[in-house]
Amino acid sequence: MADPRLFPSGSGSRDDRTDASGRRLYNPYQDLNIPYKQLYDLPTSPEFLFQEESLAQRRSWGENLTYYTGIGYLSGAVAGAAIGLRDAARNAEPGDTAKIRANRVLNSCGSSGRRMGNTLGVIGLLYAGIESGMVAARERDDWINSVAAGLGTGALFRAANGPRSAAVAGAIGGVLAGAAMAGKQAAKRYVPAL
């Protein structure tokens with residue numbers, strides 16, 4: 001960097017900012033040819049390694065599996081904890097101390113939350129696996145994949161209870177998946193984007 005005494009402000013210097021005494025202020029980026037402002041301008045759209053990835057408008061099978069399993073486990077754990085809290089309050093006895101009541105609440109919430117969380121997590125895992133398999137097999141992503149995944153998930157989840165229970169659970173799963181897809185399409189059409 002050139003000596004500021006050789007170039008008084010305005011005579012050949014690239015940075016004309018000065019302080020109250022007339023001396024030029026120091027700019028550490030003055031002689032660098034790096035567009036440092038562009039280093040911190042992050043893109044707002046997702047970046048892809050391959051162009052083919054940008055054409056697909058859905059999550060990959062691994063992301064789908066993680067998403068549905070996690071959402072299922074979390075929602076099941078919260079719902080199970082709420083049911084456990086209700087059961088603990090219902091089973092409370094008048095002579096219980098605060099420690100015993102707290103222990104009953106924690107045990108009941110933990111037991112019910114863990115049981116429901118695991119159940120819904122497995123259902124999410126089955127659904128995501130079947131749906132991703134259907135997308136890969138059919139090479140199309142539409143409502144048929146979701147309904148078939150619901151049918152298969154219900155049937156597989158209740159298969160140990162016999163064929164009749166599996167058929168009923170499969171039908172319920174297919175209807176629920178179809179209703180979810182219809183609700184999603186209605187929300188896209190009638191609910192304004194935020």
Side-chain angles (χ1 to χ4, degrees), residues 40-90 105-106 108-194:
Y40 302 108
D41 290 338
L42 298 176
T44 56
S45 63
E47 295 180 1
F48 297 99
L49 188 59
F50 301 108
Q51 186 65 25
E52 298 85 29
E53 292 175 345
S54 66
L55 300 176
Q57 296 295 321
R58 73 182 315 271
R59 292 186 287 265
S60 70
W61 70 270
E63 292 169 341
N64 211 14
L65 202 69
T66 304
Y67 176 76
Y68 283 121
T69 304
I71 290 295
Y73 184 82
L74 182 63
S75 60
V78 169
I83 290 171
L85 182 64
R86 184 199 63 194
D87 291 344
R90 185 178 291 167
V105 166
L106 291 175
S108 183
C109 289
S111 175
S112 298
R114 183 175 51 251
R115 188 172 43 252
M116 281 193 72
N118 287 337
T119 299
L120 290 182
V122 167
I123 288 173
L125 180 78
L126 289 172
Y127 180 82
I130 293 172
E131 185 186 35
S132 295
M134 288 290 295
V135 169
R138 293 183 65 231
E139 295 180 357
R140 240 181 275 150
D141 186 18
D142 55 4
W143 64 273
I144 296 172
N145 297 335
S146 297
V147 172
L151 284 166
T153 298
L156 278 176
F157 188 71
R158 289 291 180 190
N161 293 344
R164 182 177 178 153
S165 178
V168 170
I172 291 171
V175 167
L176 288 176
M181 290 303 294
K184 182 179 175 183
Q185 294 301 321
K188 278 184 181 179
R189 179 175 291 171
Y190 298 115
V191 176
L194 299 177

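Throughout, residue positions are numbered sequentially from 1 according to the sequence presented.
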Participant: Might you point out which heavy atoms bring M116 and G76 nearest each other, and give the distance in Å?
Facilitator: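 That closest heavy-atom pairing would be CB-O, 3.3 Å.
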Participant: What closest approach, in Å, do A166 and A159 show between heavy atoms, and which atom pair accounts for it?
Facilitator: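 Smallest heavy-atom distance, with atoms named: CB-CA, 3.9 Å.
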Participant: Minimum heavy-atom separation for S112 to G84, with atom names?
Facilitator: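 Heavy atoms of S112 and G84 come nearest at OG-CA, 3.8 Å.
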Participant: Hey, could you give me the OG1/CG distance between T153 and L125, rounded to the nearest 0.5 Å?
Facilitator: 9.0 Å
Participant: Do V122 and N118 come close enough that some side-chain heavy atom pair is under 4.5 Å?
Facilitator: no
Participant: Mind running side chain to side chain contact (heavy atoms under 4.5 Å, CB included) on Y73 and L120 for me, showing each step along the way?
Facilitator: CA-CA 6 Å; Y73 184 82; L120 290 182; over 6 Å; no
Participant: Hey, what do you get for CD1 (I123) to OG1 (T69), rounding to the nearest 0.5 Å?
Facilitator: 11.0 Å
Participant: Grab the two heavy atoms, one from Y127 and one from G150, that are nearest each other, plus how far apart they are.
Facilitator: CE1-N, 3.7 Å
Participant: Report the distance from atom CG of D141 to atom OG of S146, rounding to the nearest 0.5 Å.
Facilitator: 7.0 Å
Participant: Between S75 (side chain only) and G72 (backbone N and O only), is there a donor and an acceptor less than 3.5 Å apart?
Facilitator: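 Side chain of S75 to backbone of G72: a pair is present.
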Participant: Check step by step if side chain to side chain contact (heavy atoms under 4.5 Å, CB included) holds for N64 and V135.
Facilitator: CA-CA 12 Å; N64 211 14; V135 169; over 6 Å; no
Participant: Would you name the heavy atoms of F157 and T119 that are closest together and state the gap between them?
Facilitator: CZ-CG2, 3.5 Å
Participant: Quick one: are Y68 and E131 in side-chain contact, heavy atoms under 4.5 Å?
Facilitator: yes
Participant: Out of curiosity, L176 CG to L151 CG, how far, rounded to the nearest 0.5 Å?
Facilitator: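 Rounded to the nearest 0.5 Å, the CG-CG separation comes to 10.5 Å.
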Participant: What pairs with R138 under side chain to side chain donor-acceptor pair (under 3.5 Å), at least two apart in sequence or on another chain?
Facilitator: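 Here the qualifying residues are D142, N145.
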Participant: If you compare all heavy atoms of A128 against all heavy atoms of L65, which two are closest, and at what distance to 0.1 Å?
Facilitator: CB-CA, 3.6 Å
